[in-house]
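So the structure is just underneath, and the comments pick up after that.
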Protein chains: 2
Amino acid sequence: MRISDVARHAGVSPSTVSYVLSGKRSISPATRERVLESIEVLGYQPHAGARALASNRSNVIALVVPLRPGIHVPVAMQFAVSVVTSARDREHDVLLLTQAEGEGGLRRVAGTSMVDGIIVMDVEVDDARIPTLRSLSHPSVLIGVPAETEGLTCIDLDFDAAGRACVAHLADLGHREIALIGQPPSVYERRTGFAERTVAGFEAEAGERGVEATVVPCDAAPAAVTAAATDLLRERPGVTGLVVHNEPAVTPLLEAVRGLGREVPADLSVVAIAPDDLATEASPPLTSVSLPAEEVGGRAVSLLMDKLDDLGPPEVTLLPPRLVPRASAAARPALP
Amino acid sequence: MRISDVARHAGVSPSTVSYVLSGKRSISPATRERVLESIEVLGYQPHAGARALASNRSNVIALVVPLRPGIHVPVAMQFAVSVVTSARDREHDVLLLTQAEGEGGLRRVAGTSMVDGIIVMDVEVDDARIPTLRSLSHPSVLIGVPAETEGLTCIDLDFDAAGRACVAHLADLGHREIALIGQPPSVYERRTGFAERTVAGFEAEAGERGVEATVVPCDAAPAAVTAAATDLLRERPGVTGLVVHNEPAVTPLLEAVRGLGREVPADLSVVAIAPDDLATEASPPLTSVSLPAEEVGGRAVSLLMDKLDDLGPPEVTLLPPRLVPRASAAARPALP
DNA sequence: CAGCGCAATCGAAGCGCTTCGACACACGTA
DNA sequence: TACGTGTGTCGAAGCGCTTCGATTGCGCTG
């Protein structure tokens with residue numbers, strides 16, 4: 001079943017069928033109808049390889065998903081799914097690359113023209129893949145922001161502002177001593193952008209407001225979370241506000257706090273940076289800055305499409321954080 | 001950079017370069033070396049589309065990942081990653097399809113020759129995609145086993161045997177009244193194969209051994225798990241053994257049980273069906289039947305490659321369960 | 001020493017699509 | 001009436017690779 005079969009069936013030339021499909025030249029309504037009907041009747045589907053060869057476009061984009069220690073898989077997949085969905089909305093498919101493939105994988109899919117562009121997740125401050133991406137003639141978009149963004153296209157939540165917003169919210173409620181329950185140590189060690197920027201915003205805002213602030217990296221295992229919470233509240237009994245930037249830690253943290261005899265939010269206020277569903281399902285529902293995975297994924301695809309269309313999108317797009325008050329943060333308890 | 005550039009550089013014809021690359025005809029060692037060196041020097045990478053067009057092989061396989069209510073994302077991704085890794089070992093890439101794309105997606109990627117074959121995860125007993133897969137001329141492999149397997153190729157852990165093994169282990173330890181903490185209700189409602197088969201094996205073995213058995217579907221939210229455990233132990237105080245087939249429920253369940261004043265394994269034995277890492281990291285480490293995601297993913301790719309090579313693999317491959325005793329199951333406590 | 005078979009290589013014909021220039025025709029204008 | 005000016009369609013040339021004979025030259029055998 002080829003384009004020439006459709007052409008014959010509709011009584012036109014193959015090029016006309018092609019133009020009906022691509023819309024790149026005007027076709028009379030009557031012809032268009034006839035061609036579309038033939039396509040329908042014959043069940044014609046163009047051959048992707050032939051199309052890619054002739055047009056120099058594969059209509060596929062590559063997505064590098066970060067499956068490595070410390071990352072929270074469900075959130076990573078929220079990003080991935082929204083990339084796939086948005087790509088499909090724009091007639092593109094998604095080729096799945098794992099972090100493990102590394103830069104060789106990027107060179108391969110670009111060099112063989114398998115893909116039209118690349119989206120990379122979980123970008124580090126000084127990411128090893130960036131020189132490779134720069135050397136490629138293919139456009140790419142980073143989800144996350146490295147130190148040096150010259151000539152790149154990056155999209156992310158503004159984690160610096162998110163960290164600040166959490167501190168500001170707690171400070172406004174009167175809290176004077178707070179802590180950040182952060183990502184696992186491995187995430188900071190490899191200098192993942194979003195984690196580092198959250199800490200920066202957290203500390204900067206606290207400094208500016210004269211709030212005493214501690215940062216506690218925290219592994220995801222419930223036992224580790226309990227230990228971290230226990231240690232923190234023992235060593236800094238004056239802490240009345242917590243910012244949590246660690247999805248899997250949320251539930252065990254709330255339990256641990258309760259186990260230590262503190263009520264949320266009566267004795268201890270908690271503000272999370274997490275996807276909305278996670279925040280609303282916790283008990284109590286968490287005051288939180290939402291992690292808009294869907295929007296970030298969609299925007300990443302849009303930006304990539306812009307680059308494919310030769311528009312020059314901005315180097316860095318940071319989505320402003322939105323803090324939604326729920327039931328986990330309240331005014332600082334009166335001193336005993 | 002085309003194959004003819006390489007050919008010129010090496011002083012041979014394009015077809016010779018092609019044969020060096022594919023190995024489909026014998027080439028003298030001297031020529032081969034010369035060609036490979038030219039490829040290296042020039043950094044030649046063949047054009048995927050051109051290759052797909054001429055050879056009728058895209059060297060890409062499609063993977064349908066199940067991101068829908070009730071599934072545990074980290075485990076699903078273990079499967080997906082092992083599929084990607086195994087595919088890369090065999091010179092194939094992976095196109096990511098979401099469940100949401102449905103049967104249309106299958107028809108599209110097959111019809112346009114984007115992919116050489118399809119792997120489908122999370123198969124239901126009467127899966128709507130099966131008629132579509134049957135109608136395709138492309139080979140496919142199911143991870144999971146539907147009711148009717150005629151002409152299909154399926155791979156999975158033998159969940160029936162896994163359910164039986166758990167019951168047998170508990171029965172051997174003297175337990176006479178047990179319960180299965182199962183998947184979320186939605187998983188049973190859509191009749192997901194692996195969940196249903198586990199229940200079947202669980203009930204059959206219990207029946208044969210005269211053990212009293214209850215099945216408790218269970219949502220993943222910690223609160224739901226606690227409620228389910230509380231209800232169960234109130235209504236059936238004689239239960240001394242639990243089989244858990246629900247990854248996210250493991251930790252909250254252990255906590256809930258403790259909260260109800262029961263020690264594991266002194267008062268209550270627990271056997272899980274879960275990935276090894278999850279079982280070993282729990283406290284106490286769980287006696288469990290491991291969920292060999294890596295092997296299943298690898299085998300799925302192997303089976304698909306066999307079909308691409310026109311070998312006729314078996315319709316159903318069930319991996320035998322392996323129960324590893326750890327610290328969560330012990331002899332039934334003496335009656336009070 | 002003719003003849004054969006085999007190994008190594010080449011040339012050319014596609015694979016199915018897009019795209020560019022050419023062309024035919026209808027229409028409005030001078 | 002002749003002439004631009006569009007509009008809609010066609011034909012043919014590639015896109016870069018694989019693959020199928022065909023061809024060459026070699027070492028053997030009888």
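Within every chain, numbering begins at 1; the chains are lettered A, B, ... in the order of the sequence lines, protein sequences first and strands thereafter.
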Item to complete: Between D:dC17, C:dT18, C:dG16, spot the one nearest the side chain of A:Arg2, thanks.
Response: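 Comparing D:dC17, C:dT18, C:dG16 against the side chain of A:Arg2, the answer is C:dG16.
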
How long is the line joining [atom1] of [X] and [atom2] of [N], in whole Å?
| X | N | atom1 | atom2 | answer |
| --- | --- | --- | --- | --- |
| A:Arg57 | C:dT19 | CZ | C1' | 15 Å |
| A:Ile3 | D:dA12 | CD1 | P | 16 Å |
| A:Asn56 | D:dG16 | CG | P | 8 Å |
| A:His47 | C:dG14 | NE2 | P | 17 Å |
| A:Leu53 | C:dG16 | CG | P | 12 Å |

Identify the two heavy atoms, one from [X] and one from [Y], that lie closest to each other, and give their separation to 0.1 Å.
| X | Y | answer |
| --- | --- | --- |
| B:Met77 | A:Leu67 | CE-CD1, 4.2 Å |
| A:Pro139 | A:Leu308 | CG-CD2, 3.6 Å |
| A:Ala110 | A:Leu136 | CB-CG, 3.7 Å |

Worksheet, complete the sentence: Per nearest nucleotide of DNA chain C, the residue lying toward the 5' end, B:Val12 or B:Ala54, is B:Val12

Item to complete: Between B:Ser13 and A:Ser55, just flag the one whose closest nucleotide in DNA chain C comes earlier from the 5' side.
Response: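 Comparing both residues, the 5'-ward one is B:Ser13.
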
Practice prompt. Check each residue of residues 15-33 of chain B for a non-hydrogen atom within less than 4.0 Å of any atom in DNA chain D, then write out the ones that pass by number, or none.
Written response: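 Result for residues 15-33 of chain B: B:Ser15, B:Ser18, B:Tyr19, B:Lys24, B:Arg25, sorted by number.
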
Worksheet, complete the sentence: With sequence neighbours left out, the residues meeting salt bridge (Lys or Arg N to Asp or Glu O under 4.0 Å) with B:Asp93 are A:Arg108, B:Arg88

Worksheet entry | Identified side chain to side chain contact (heavy atoms under 4.5 Å, CB included) partner of A:Leu97 from the options A:Leu63, A:Val109, A:Val65 |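 When A:Leu63, A:Val109, A:Val65 are each tested with A:Leu97, the side chain to side chain contact (heavy atoms under 4.5 Å, CB included) holds only for A:Val109.
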
Worksheet item: Is any side-chain N of the basic residue among B:Glu124 and B:Arg68 closer than 4.0 Å to the acidic one's carboxylate O?
Response: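 Looking at B:Glu124 and B:Arg68, the cut-off is met.
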
